[in-house]
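One structure is given below, encoded as structure tokens.
Below, each value reflects all heavy atoms present in this structure, side chains not excepted, and no hydrogens, waters or symmetry copies. Order of the sequence lines sets the chain letters (A, B, ...), proteins ahead of strands, with each chain counted from 1.
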Amino acid sequence: MSSPQPVRGTHDLLPEDFRLHAHVRDTARDIAACFGYGEMATPIFEFTEVFARTMGETSDVVSKEMYSFESRSGESMTLRPEYTAGICRSFISNGLQQNVPFKAFACGPMFRYERPQKGRQRQFHQIDLECIGAAEAKADIEVIAVAAAILQKLDVLKLCNLQINTLGDAESRDAYRTALVDYFNDHKDKLSEDSLARLGRNPLRILDSKDKGDQVLVADAPVFTDYLNAYSTDFFAEVLEGLTVHGIPYEVNRRLVRGLDYYTHTAFEFVTDALGAQGAVIAGGRYDGLIEMLGGKPTPGIGWAGGMERLCLLTETTPEEIRPIAVIPVGDAAEQVTTKLAHELRLQGIAIEMAFKGNPGKRMKRANKLNAKAAILIGEDEMARDACTFRNLDAGTQEEIPLADLSAKIADLG
RNA sequence: GCGAAUGUAGCUCAGUUGGUUAGAGCGCCUGACUGUGACUCAGGAGGUCGCCGGUUCGAUCCCGGUCAUUCGCCCCA
């Protein structure tokens, strides 16, 4: 193997791929802006603590998927595996309690040491939306509405299905967790190996087990709704009602739980069956305890993250490349004139293709390959008259026009 | 981390029951056409058949390992 390969689980985004990538990102950013979410960015790496403390030491991400390293100063750093913790850290660091609700959009690369598959990479990209400092169910509704709007705009909402559940507040969740652990402890011998491990790490996950034996046990397990206190029940009802008002279809999935420790109340996922085992396209929830875990004042928050690669896989249409106009010198004497003209047009914001070499025939071929709208040819004849030959490459027609009329001519092309 | 499949030109894929110079289409380059693209025609470049080892007179083909991708599990965006 003589040619260098990219690191496992990483991918190059060539210009063709990047157009789609940028389209997804821009669409998300524009819609987020309409809802009042301004774009921000946080560093790609943080102190390991930021992720370890918030996501939970026992979570898969923290226990085996982080790219951590020791800096020269001896501190443990980690390439971010998600955006939420970093943004919350930033919220605290910058004293943004003054600005609540703090509504932010972000996107960028994330890193997780996982086994690569389609729609799952070690370096991948997420779009992310956070609303910090709002305890109202209206915030949950808005955040989900933004996600739905983005999927709608990308024309992939039809491939997705919104699953939603509540994990209740800390009190409800702890009570339920205790009941669940007690129940499964009594039936330990019947649990699958996977679920036995889950019992220690994240017992709620057992509810979602695909193992047939587990499912039998789950059927008789304590039911979450019995443990939700009045506040949690009412809160969830309000969220669902809001979704209905927005015309966003959903499906309550009582087995939907989250892998990360910081989630409370609303948990949701836009899932698809078009990507094999990687069903989650946009997923998130409420994290009322997170800011406090990071050392801030108790502050509620809700947000989501979306996988850009997965969104790109679902999106069928790649936007067209900008169609340039080719400037073609005919003969060496015209080089200077065309170079200057190309530069002036580019400064006007017009996409100009001008090859570095080649006779007019080659340059025309190249213009055609690049899907140019038109070609501007200038040789000695045209120079003598301060004119150019303007060829419409779609129509196949051409005419000589004064250089002074060129800008108007180009504008006419649209 | 576990199980399975796949790996031949830039791309999509043929192929050899193991035999000497490994093919096609598309793409790329050159020319016919040194002031005009799409069509056509004629040439050309590009492969240690993923990598390492084994069996064999001989391996792209069989066997083992390894790496990568894909699928399922786990988990997640």
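The P atoms of B/U30 and B/U66 are separated by 46 Å, rounded to the nearest whole Å. Straight-line distance between the P atoms of B/C39 and B/C28: roughly 10 Å, to the nearest whole Å. Taking the P atoms as reference points, B/G23 lies 35 Å from B/G37, given to the whole Å. For the P atoms, the distance linking B/G65 with B/C73 amounts to 25 Å, nearest Å. Here the separation of B/A24 from B/A45, taken at their P atoms, is 12 Å to the nearest Å. Comparing the same atom, C1', in B/C13 and in B/U60 gives a spacing of 15 Å after rounding to whole Å. Taking atom P on both nucleotides, B/G10 is separated from B/G46 by 11 Å, rounded to a whole Å. For the C1' atoms, the distance linking B/C49 with B/G18 amounts to 14 Å, nearest Å.
In this entry the distance linking CD of A/Glu82 with P of B/A77 reads 8 Å, nearest Å. The CD atom of A/Glu16 sits 13 Å away from the C1' atom of B/C11 (whole-angstrom rounding). One can place CZ of A/Phe124 at 17 Å from P of B/C75, the figure rounded to the nearest angstrom. The nearest whole Å value for the distance from the CG atom in A/Leu377 to the P atom in B/G35 is 11 Å. Here the C1' atom of nucleotide B/G27 and the CG atom of A/Asn368 are 15 Å apart, to the nearest Å. Distance A/Glu193 CD to B/C75 P: 13 Å, rounded to the nearest Å. Between A/Arg122 atom CZ and B/U70 atom P there is a gap of 12 Å when expressed in whole angstrom units.
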List the atom pairs, donor and acceptor, that lie under 3.5 Å between side-chain atoms in residues 401-414 of chain A and the rest of the protein, sequence neighbours left out.
{"from": "A/Ser407", "atom 1": "OG", "to": "A/Gln348", "atom 2": "OE1", "distance (Å)": "3.3"}
{"from": "A/Lys409", "atom 1": "NZ", "to": "A/Glu399", "atom 2": "OE2", "distance (Å)": "2.6"}

Atom pairs and distances, donor-acceptor, side-chain atoms in residues 298-307 of chain A, under 3.5 Å, two or more places apart:
{"from": "A/Thr299", "atom 1": "OG1", "to": "A/Lys297", "atom 2": "O", "distance (Å)": "2.6"}
{"from": "A/Trp304", "atom 1": "NE1", "to": "A/Val143", "atom 2": "O", "distance (Å)": "2.9"}

Kindly list each side-chain donor-acceptor pair under 3.5 angstrom involving residues 152-161 of chain A, sequence neighbours excluded, with atom names and distances?
{"from": "A/Asp155", "atom 1": "OD2", "to": "A/Lys158", "atom 2": "NZ", "distance (Å)": "3.2"}
{"from": "A/Asn161", "atom 1": "ND2", "to": "A/Glu251", "atom 2": "OE1", "distance (Å)": "3.4"}

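The phosphate of B/G72 (OP1 or OP2) has a side-chain N or O of A/Gln117 nearer than 4.0 angstrom. When the side-chain nitrogen and oxygen atoms of A/Arg310 are compared with OP1 and OP2 of B/A77, none of them lie within a distance under 4.0 Å. Put simply, A/Lys362 has a side-chain N or O that comes within less than 4.0 Å of OP1 or OP2 on B/G31. Put simply, A/Lys369 has a side-chain N or O that comes within less than 4.0 Å of OP1 or OP2 on B/C28.
Applying side chain to side chain contact (heavy atoms under 4.5 Å, CB included) to A/Thr48 and the options A/Arg53, A/Glu70, A/Met66, A/Glu75 leaves one that passes, A/Met66.
For residues 101-115 of chain A, proximity to RNA chain B is found at A/Arg112, A/Glu114, A/Arg115, defined as any non-hydrogen atom under 4.0 angstrom from a strand atom. A heavy atom closer than 4.0 Å to some atom of RNA chain B occurs in A/Arg391, A/Leu393, A/Gly396, A/Gln398, these being the qualifying members of residues 390-398 of chain A.
If you check every strand for non-hydrogen atoms under 4.0 Å, A/Gly9 touches sugar and phosphate atoms only. As judged by a 4.0 angstrom heavy-atom cut-off over every strand, A/Asp128 is placed among residues making no nucleic acid contact. Nucleic acid contact class of A/Arg363 (heavy atoms, under 4.0 Å, all strands): none. Across all strands, A/Glu309 comes closer than 4.0 Å to no nucleic acid atom at all (heavy-atom distances). When heavy atoms are screened at a 4.0 angstrom cut-off, A/Gly331 is found touching no nucleic acid atom at all. The residue A/Glu382 sits close to a base: some heavy atom pair falls under 4.0 Å. In this structure, A/Ala283 reaches the sugar-phosphate backbone alone: every heavy-atom distance under 4.0 Å involves primed, P, OP1 or OP2 atoms, never a base. No engagement by A/Ser59 is indicated, since no non-hydrogen atom pair under 4.0 Å with the nucleic acid exists.
Nucleotides of RNA chain B nearest to A/Asp194 and A/Val281 differ in position, and the one nearer the 5' end is that of A/Asp194. Comparing A/Pro116 and A/Glu269 by the nucleotide of RNA chain B whose heavy atom lies nearest to each, the residue mapping closer to the 5' end is A/Pro116.
You'll find the side chain of A/Thr264 stays beyond 4.5 Å of the side chain of A/Asp169, heavy atoms only. When side chains are defined from C-beta on, A/Leu180 counts as touching A/Leu207, because their heavy atoms get closer than 4.5 Å.
Salt bridge A/Asp60/A/Lys64: present, at least one basic N to carboxylate O contact under 4.0 Å.
Stem regions for RNA chain B, each three or more consecutive Watson-Crick or G-U pairs with both distances under 3.5 Å and listed by first number, read B:1-7 with B:67-73, B:10-13 with B:23-26, B:28-32 with B:40-44, B:50-54 with B:62-66.
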